[in-house]
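Step one of this worksheet: look at the structure below.
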Amino acid sequence: MLKKFLQKFTKSSTQKLIEHESKFVAHNYSPLPVVLNRGEGVYLWDHEGKKYLDMMSAYSAVSLGHSHPRVVKALTEQAKTLAMCSRAYHTDTLGPFLEKLVDVAGLDMALPMNTGAEAVETAVKAARQWGYEVKKIPEDMAEIIVAEGNFHGRTTTIISFSTEPDYRKNFGPFTPGFRPVPFDDIKAVEAAITPNTAAVLFEPIQGEAGIKVPREGFLKELRDLCDRKNVLLILDEVQSGLGRTGRMFCYQHENVLPDAVILGKALGGGLLPVSAVVGKKAVMGLFKPGSHGSTFGGNPLAAAVGLEALKVLEEEGMVQNSAILGAYMLEQLRGINSTLVTGVRGKGLWIGMDFDPKHVTARVVCEKLMERGILSKDTHHTVVRFAPPLTITREQIDWCLEQVRSVIRELELKN
Ligand SMILES: *Cc1c(COP(=O)(O)O)cnc(C)c1O
């Protein structure tokens, strides 16, 4: 019965499967027209068996590659032992996971959650709590400074401080207490700070905005400013963290330490949603029983997977690979001379390539790449991102570069 059901679907065309899915799923994404059913390492396969190089890594959730054998093993072993019990009890998995996490981050304590957005919410609460209890901001007056063009997730509070009209339209009323300032503008941050400012919450590199890298020294200036003004520095490294930029954390490029860092995506090893806020004791130590919680946050399955993911990242040299091959790929992409391309930016294996909307949309470039066996995804209509699993090899990158050059040449001819 099940076999027949599956056969019916594997035999049907891609279009049929897409139509079937579209009938039942809310249309809050516009996926590329491919139906995936298998992943291994840096590769994905569609339901007809065509192989693709993954240049997207599920927005960094698959930084370790698809179904990494060590993480799969940790998951299955823990699943057979104890998967879930809630934090009404202690477990023998949470301590080791969080010890490792605070150790790699250089911080003191962590609060585990599941998705990135929940961890951002947790950080917002932590910042406000610190504002009232330590900085003595008057009740309900705490402010958090954020960057224009930010992406921190999709909850109603988080979209309250988004500056992207599409993310907000028809979802008000919004949560007050946030102040957007231009990204990469230290003077604007300073001007926005008031005695009621609890924190500055920034992505060290803006991912969804198009992999926008601030000028060198910006994070350091931000750290100094926050110290001078008694304001917390909270970095959202849900996408930039865990090796993506060629360091375990993006803040390590400038030798600064935030008061708290938000992690997610890759922390789940490509298998589960695992997120956390990791911070200094002065901030994280303020949570009391009842002040915050999550039924699934820090569950044994997540803890076992998160711990193994961190070990794999370190022990398999993925962070160095990201630094070395990221620099190589950036240089090669910058060497592509085309009127269609208006810019290439990035750090580590996280690169955005701008296309001139007068000539071509990033979506069309992604569709052409897909035909040639490369999966990426456009952001903001003009940027094509290259963010492969950190296990990618030089040969695989060279193959990808060949396809990118061919697609650009093909599109140039049409212009
Ligand atoms: C993806 C992302 C989030 C939200 O994570 P979800 O798991 O989708 O809730 C938050 N911050 C940044 C920087 C992200 O890239």
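When a ligand or atom number is given, it counts from 1 through the structure's own listing order.
- Each of the following atoms of ligand 1 lies closer than 4.0 Å to a heavy atom of Asp236: 10 (C), 11 (N), 12 (C), 13 (C).
- Asn150 and Ser162 share no donor-acceptor pair across their side chains, judged by distance under 3.5 Å alone.
- For residues 251-295, the ring pair (Phe, Tyr, Trp, His ring centres under 6.0 Å) pairs, not counting sequence neighbours, are Phe249-Tyr251, Phe287-His292.
- For atom 5 (O) of ligand 1, the closest heavy atom belonging to the protein is Gly116 CA, 3.3 Å.
- In this structure, a donor-acceptor pair under 3.5 Å is present between the side chains of Asp46 and Tyr52.
- The distance criterion of under 3.5 Å between nitrogen or oxygen atoms is met by Gln239 with respect to ligand 1.
- The nearest heavy-atom contact from the protein to atom 1 (C) of ligand 1 is Lys265 NZ, 1.5 Å.
- Environment of CZ in Phe296: sparse, with no more than 12 heavy atoms of neighbouring residues, nucleotides or ligands closer than 6.0 Å.
- Using a 4.0 Å cut-off between charged side-chain N and carboxylate O, Arg223 and Asp259 make a salt bridge.
- Within a 4.0 Å radius of atom 8 (O) of ligand 1, the protein contributes no heavy atom.
- Note: no N/O pair closer than 3.5 Å links Glu203 and ligand 1 by distance alone.
- With sequence neighbours left out, the ring pair (Phe, Tyr, Trp, His ring centres under 6.0 Å) criterion links His68 to no other residue.
- Not close to ligand 1: Tyr59, with no non-hydrogen atom less than 4.0 angstrom away.
- With 3.5 Å as the limit, one finds a donor-acceptor pair spanning the side chains of His152 and Asp236.
- An N or O contact shorter than 3.5 Å is missing between Val120 and ligand 1 by distance.
- Atoms of ligand 1 lying under 4.0 Å from at least one heavy atom of Ala117, given by number and element, are 4 (C), 5 (O), 6 (P), 9 (O).
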